[in-house]
Chemist: 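One structure, as structure tokens, below. Some questions next.
We name chains A, B, ... by the order of the sequence lines, and we start the count at 1 in each one. Worth knowing before you read on, the calculation uses all heavy atoms, side chains too, and leaves out hydrogens, waters and symmetry mates.
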Protein chains: 2
Amino acid sequence: MRAQTSAAHRPAFHGTGAVAFSTKGEYGVRLMVQLGRHYGAGPASLAEIAAAEDMPRAYLEQLAFVLRDAGLVVSTRGAHGGYELARPPAAIPMSEVLRALEGPLAPMICATDEPGHDLACDRTSSCTVNLLWIRVRDAVAGALDGVTLADLVPQRVVAIQRALASGATSANQNLEGAATTS
Amino acid sequence: MRAQTSAAHRPAFHGTGAVAFSTKGEYGVRLMVQLGRHYGAGPASLAEIAAAEDMPRAYLEQLAFVLRDAGLVVSTRGAHGGYELARPPAAIPMSEVLRALEGPLAPMICATDEPGHDLACDRTSSCTVNLLWIRVRDAVAGALDGVTLADLVPQRVVAIQRALASGATSANQNLEGAATTS
DNA sequence: TCAATCCCGACAAGAACGCTTGGGATTGAG
DNA sequence: CTCAATCCCAAGCGTTCTTGTCGGGATTGA
């Protein structure tokens, strides 16, 4: 609802210190969650989602393109178009989402999961630290593999959405309260 | 030995994408590893370490101060002074080192390990994603807690160093091969 | 006395991030 | 057929962070 135009640049790194996802990661995941809620109910427009989540629409577009190129969402052009998940939420591991959004998860250049990393790493003695970065990378990859989009979209919300898709057409805004912010 | 003055600014983020430690983390860990090798052999000067690892000395100083303030190393001033580990390597979890160097490990502001995070996080519906960030944070914290400085300083190297401290003076460079880059 | 070292604050270049702008192409509805 | 809604895309701009550098102090052993 409120003013995409006044978004007023947030601090560069949303997460302080090490292990910091940027807003790319956050917005992208939020976008995916919204699409997860909408799953099975036709395409959702970015304008809708941007309003619902109070994120700048134009910026969301960029993320949506990335997610599309990664094969995670499909787009429908033209009027009443929008984005949909390419697969059911349970088949979308968050590792894939975040890798698409933020690039390969490599805590250091020495620990890229891509080939040829050992070439880039010919530091002197202390390259023992590789062990550390690799452990961290694997830990993150494991955590991210273990969570699917379905885990972030409570099942009852999905059920309600589906019911709506074949019944009434309005009143789908009041499901927000479900967020148990522990 | 070779030219601290020509270090020529490296690319800003050493680690691409999500989960990127900065050079602060890398240099700091390398520094700690060097101190680990030197453990029990008196204080080591920053000039020595900077030369051995080819890192800018003045920058290393800043990291050393941080590590000292965190109680991880102790300093001896004056001639023949330098830095020493405050504890044996096995008693230094890397989580502590990296937290000191890079701040609290919080993948997002919503998932700080400090109290009051729920105040900062009053996003709309999608705060379900908290689950994700917290999982990632815990995974990283776990991985980092499970590695101590001793794991990065092979015991035989320590033994050799101690022998050197009371004997010969060279031939400690050929231990590189230990990095099993899978 | 002197040189080696730690201590400390300020600042400069450059990259990355966060977002905006401005236009195009494509499609359903009237 | 026209029009509005939507996706598509590239370029650019200001802010903030990192990555160091610089210059000078304080402290101590020889």
Chemist: Under 3.5 Å, side chain of B/E102 to main-chain N/O of B/G25, donor-acceptor pair present?
Modeler: yes
Chemist: Whole-Å distance between C/dC6 P and B/D69 CG?
Modeler: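 Going from B/D69 (CG) to C/dC6 (P), I get 15 Å.
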Chemist: Applying the Watson-Crick and G-U wobble criteria at under 3.5 Å, what pairs with D/dG29? Answer none if nothing qualifies.
Modeler: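 C/dC2 is the nucleotide pairing with D/dG29.
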Chemist: Please enumerate all protein N or O atoms sitting under 3.5 Å from an N or O of nucleotides 28-30 of chain C, with distances to 0.1 Å.
Modeler:
none

Chemist: Just how far is it from atom OG of A/S75 to atom CG of A/L67, taken to the nearest 0.5 Å?
Modeler: 11.5 Å
Chemist: Write down the atom of B/E26, the atom of A/W133, and the distance for their closest heavy-atom approach.
Modeler: CA-CZ2, 3.9 Å
Chemist: Quickly work out the B/L60 CG to C/dC7 C1' distance and round it to whole Å.
Modeler: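 Between C1' of C/dC7 and CG of B/L60: 14 Å.
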Chemist: Tell me whether the OP1 or OP2 atom of C/dT5 has a side-chain N or O from B/Y83 closer than 4.0 Å.
Modeler: no
Chemist: Taking only the side-chain heavy atoms of B/Q62 (C-beta and beyond), determine which of D/dA11, D/dT21, C/dC6 contains the nearest atom.
Modeler: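 So the nucleotide nearest the side chain must be D/dT21.
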Chemist: When we call it a touch if two heavy atoms are under 4.0 Å apart, what does A/F65 touch: a base, just sugar-phosphate, or nothing?
Modeler: base
Chemist: If the cut-off is 4.0 Å, is A/S75 near the phosphate of D/dC8, judged by side-chain N/O to OP1 or OP2?
Modeler: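 Answer yes for this pair, as a side-chain N or O of A/S75 is under 4.0 Å from OP1 or OP2.
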Chemist: Figure out the CZ/C1' separation between A/R57 and D/dT6, and round it to whole Å.
Modeler: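 Whole-Å distance recorded here is 8 Å.
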Chemist: Any salt bridge linking A/E96 with A/R87? Criterion: basic side-chain nitrogen under 4.0 Å from a carboxylate oxygen.
Modeler: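 Between A/R87 and A/E96 there is a salt bridge, with a charged N closer than 4.0 Å to a carboxylate O.
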Chemist: Tell me whether the OP1 or OP2 atom of C/dG18 has a side-chain N or O from A/T23 closer than 4.0 Å.
Modeler: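 Answer is yes, contact under 4.0 Å.
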Chemist: Check B/E53 with B/R30, please: is the shortest side-chain N to carboxylate O separation under 4.0 Å?
Modeler: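 Here B/R30 pairs with B/E53 in a salt bridge, since their nearest N and O are under 4.0 Å apart.
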Chemist: A/E26 has an atom CD; how far is it from atom P of C/dC17, in whole Å?
Modeler: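 Whole-Å distance recorded here is 15 Å.
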Chemist: Does C/dC7 have OP1 or OP2 sitting under 4.0 Å from an N or O in the side chain of B/R68?
Modeler: yes
Chemist: Determine: side-chain N/O of B/T76 to OP1/OP2 of C/dC6, distance under 4.0 Å, yes or no.
Modeler: no
Chemist: When you match A/K24 and B/E61 each to their closest nucleotide on DNA chain C, which lands nearer the 5' end?
Modeler: B/E61
Chemist: Looking only at non-hydrogen atoms, find the nearest pair between B/G28 and B/L63 and report the distance.
Modeler: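 The answer is N-CD1, 3.9 Å.
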Chemist: Quick one: A/L63 CG to D/dC8 C1', roughly how many Å, whole number?
Modeler: 14 Å
Chemist: Taking atom P of D/dC9 as reference, at what distance in whole Å does atom CG of A/L67 sit?
Modeler: 14 Å
Chemist: Counting just side-chain N and O atoms, does B/Y27 come under 4.0 Å of either OP1 or OP2 of D/dG20?
Modeler: yes
Chemist: Tell me whether the OP1 or OP2 atom of D/dT19 has a side-chain N or O from B/S22 closer than 4.0 Å.
Modeler: yes
Chemist: Could you list the donor-acceptor pairs under 3.5 angstrom formed between side-chain atoms of residues 142-149 of chain B and any protein atom two or more places apart in sequence or on another chain?
Modeler:
| from | atom 1 | to | atom 2 | distance (Å) |
| --- | --- | --- | --- | --- |
| B/D145 | OD1 | B/S95 | OG | 2.5 |
| B/T148 | OG1 | B/A150 | N | 3.2 |

Chemist: If only side-chain N and O atoms of B/Y59 are considered, is one of them under 4.0 Å from the OP1 or OP2 phosphate oxygen of C/dC8?
Modeler: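 Result: no.
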Chemist: Partner lookup for D/dT16, please. Criteria are Watson-Crick or G-U wobble with both distances under 3.5 angstrom; report none if nothing qualifies.
Modeler: C/dA15
Chemist: Kindly work out whether a path of hydrophobic side-chain contacts (I/L/V/M/F/W/Y, heavy atoms less than 4.5 Å apart) joins A/V66 to A/V33.
Modeler: no
Chemist: Write down the distance between CD (B/E48) and P (C/dC6), rounded to a whole number of angstrom.
Modeler: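 Interatomic distance, CD of B/E48 to P of C/dC6: 9 Å.
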Chemist: Using whole Å, report how far CG of B/L101 lies from C1' of D/dC17.
Modeler: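 So the two atoms are 17 Å apart, to the nearest Å.
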